[in-house]
Amino acid sequence: MERVRFLARVCALLVGAALLLGAAACRNAEPAGATPTAVLPTPGLGTPPAAREADQAAALLPPFQGDLALLGQATQYAITATLLEDERLILGQASIRYTNTEAVPLDALVLRLYPNLMGPGAGLDLEAVWVDGRAVQPDLRQEASVARLPLAPPLSPGQGLTLTLAFRTQVSPEPSRGYGAFGVHEGTWTLAGFYPLVAVYDETGWNEEIPPEHGDMVYSDMAFYRVVWEAPEGYVLASTGSVVEEAEKDGHRVWTLVSGPAREFNLALSRDYQVATWDAPSGTRLRSFYFPAHAAVGQAVLDYARRAFRLYEDLFGPYPYRELDLAEAGVGAAGIEYPGLILVAEGLYARADPFTEFVVAHEMAHQWWYNLVGNDQVDEPWLDEALANYSTVLYFERIHGPEEAGAILATFRQRYENLVREGRDAAVAQPSGAFPRADYGVLVYQKGALFLDALRSAVGDEAFLAILRQYGAQYRYRIARGQDFLRVAEGVSGKDLGPLYHQWLYGVRKGP
Ligand SMILES: [Zn+2]
């Protein structure tokens, strides 16, 4: 009985990739205004200090602080932001140190303004932008979700610049996109993408596309964040990175946080959060934030996370950060991953059951497959989702036994075969926008995981686990492509895996 319900609910998660709460299409946000002025329009905040390397070490365990030297050219964000709760407004300033690590000169720098895609009542306005002290006029594109800053003369390879800007971010109580991960719901704030994020420049140029409504939105390089966050007294804060300083200021609380290497920075705040903690032997602290009525499940979420943490560290490589938070939130997906922060849907706290465990194990795996090893979540969503889902199969296999893991795989297989019978099979290795929303979960999460299971059968258990570990080590802090995963798999196993890879990821089976 339990399993039937569990598997049915796993399907609910995986078919839609998320348990959506009536997310309506809305791509008609008003363009944000941008009026450079000579004076910062948010007086009193002061200029954000630069994100210094010494600060960043505070987010990492001592054995990994040397990793900072590997990322000397990573973008550094220093953000100062104040939450005005009655106005649902964030007033912010940012100083962003960017170095051109590409082989070509850049004639523009591109920022992503994701709140402008979140529907009516949400938005991010750039109020003033300077490049190396010179005011520039951003060119807003893609429904104002992209700000292109012209660079004249172009920025040469290896050359750096400092971007200074002021921004106003409006938070909506009813975000209509992005799984509700940017919004305020009954006093709980989840603020994914509240600041301007530097886009990725890759072999396709600047990545400016508007992501579809299904799937994760963010594709980003490792960066360092130093965030000074001010909010009214009484809030409990869950976040990416670690708090290094906390102070009271005129009835407000001011937290200073550093991220270590992180692909984005997110935080969740509530006055109601209670916290359960577990300290790993390595020194990492896991924290589960939950609402008072949900103490038992809040503790269970911590237990699932603890088991996943130990297993994934053992299988995929060490987790280098001091902290990892899981926070209950009124989001529209069962779980959503961020660097050092996992949001878990409030609806999953009604009782501790295998579905909640599945979601926690899946999102925990994203700390390795998405944050530590990055990928283009918009153009190659299968790479982190198939790995996170198959990691969850490994979790159930190790924690609950092969029978449980086999039952999950059988469900994946059944859902996929149903799709084939209906003539709806499609290539897995496609951008998220290429999938019909209804088929995205089965094809990317389930068929993707079945590819990894077929790979495991082809190379054997030992080589399969060695592939995951090698991929995790070789692409740690970097961005990987599907082809990189294939190369690692072939290198470790000594086998030609091209045919298997192409069959599963590009093959389309015909219906009856
Ligand atoms: Zn996922």
Side-chain angles (χ1 to χ4, degrees), residues 9-20 23 178-181 190 192-193 211-220 240 263-264 266 301 304-305 308-309 311-312 316 324 326-327 329 331-345 348 354-396 408-409 411-412 415 428-433 435 437 439-453 468 471-472 479-480 482 485:
R9 299 183 71 200
V10 166
C11 295
L13 167 77
L14 298 165
V15 166
L19 303 172
L20 296 169
Y179 303 143
T190 53
E213 284 186 54
H214 55 265
D216 293 314
M217 307 181 85
V218 173
Y219 169 34
S220 58
T240 298
R263 296 189 187 276
E264 55 182 314
N266 191 10
V301 164
Y304 306 147
F309 184 86
L311 177 64
Y312 297 161
F316 311 144
L324 175 49
L326 299 100
V331 291
I336 312 175
E337 74 278 15
Y338 301 93
L341 175 65
I342 292 167
L343 300 181
V344 181
L348 269 64
F355 181 64
T356 307
E357 186 169 10
F358 185 97
V359 170
V360 170
H362 175 102
E363 304 305 338
M364 285 291 291
H366 277 304
Q367 295 302 318
W368 281 261
W369 320 129
Y370 163 60
N371 185 43
L372 284 173
V373 177
N375 62 291
D376 185 337
Q377 294 199 113
V378 179
D379 285 343
E380 269 193 320
W382 75 269
L383 191 49
D384 65 311
E385 293 303 349
L387 281 165
N389 238 13
Y390 201 77
S391 300
T392 309
V393 172
L394 292 172
Y395 169 97
F396 274 84
I408 293 171
L409 279 171
T411 309
F412 290 176
R415 303 292 304 189
V428 172
Q430 298 190 84
S432 48
F435 296 92
R437 185 168 167 177
D439 297 347
Y440 177 71
V442 175
L443 292 167
V444 170
Y445 288 63
Q446 303 189 10
K447 187 181 175 186
L450 291 172
F451 157 64
L452 293 171
D453 195 55
L468 297 185
Y471 174 71
I479 285 173
F485 181 81

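First listed ligand is number 1; within each ligand, the first listed atom is number 1. Heads up: numbering here begins at 1 and tracks the sequence.
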Requested in this report: May I ask you to check if any N/O/S atom from E337 comes under 2.8 Å of the Zn ion (ligand 1)?
Outcome: no
**Report entry** Gap separating the CD atom of E337 from the CE atom of M364, nearest 0.5 angstrom
**Finding:** 12.5 Å
Query - Heavy-atom side-chain contact between Y390 and L409 under 4.5 Å - result: yes
Query - H362: its N/O/S atom lying closest to the Zn ion (ligand 1) (atom name) - result: NE2
Query raised in the report: With distance as the sole criterion, is a donor-acceptor pair present between the side chains of S391 and W369 under 3.5 Å?
Result: yes
Report task. Evaluate the side-chain proximity of Y304 to V359: yes if any heavy-atom separation is below 4.5 Å, no if none is. Result -> no
Report summary line: Taking the Zn ion (ligand 1) as the apex, NE2 on H366 and OE1 on E385 give an angle, to 10°, of 100°
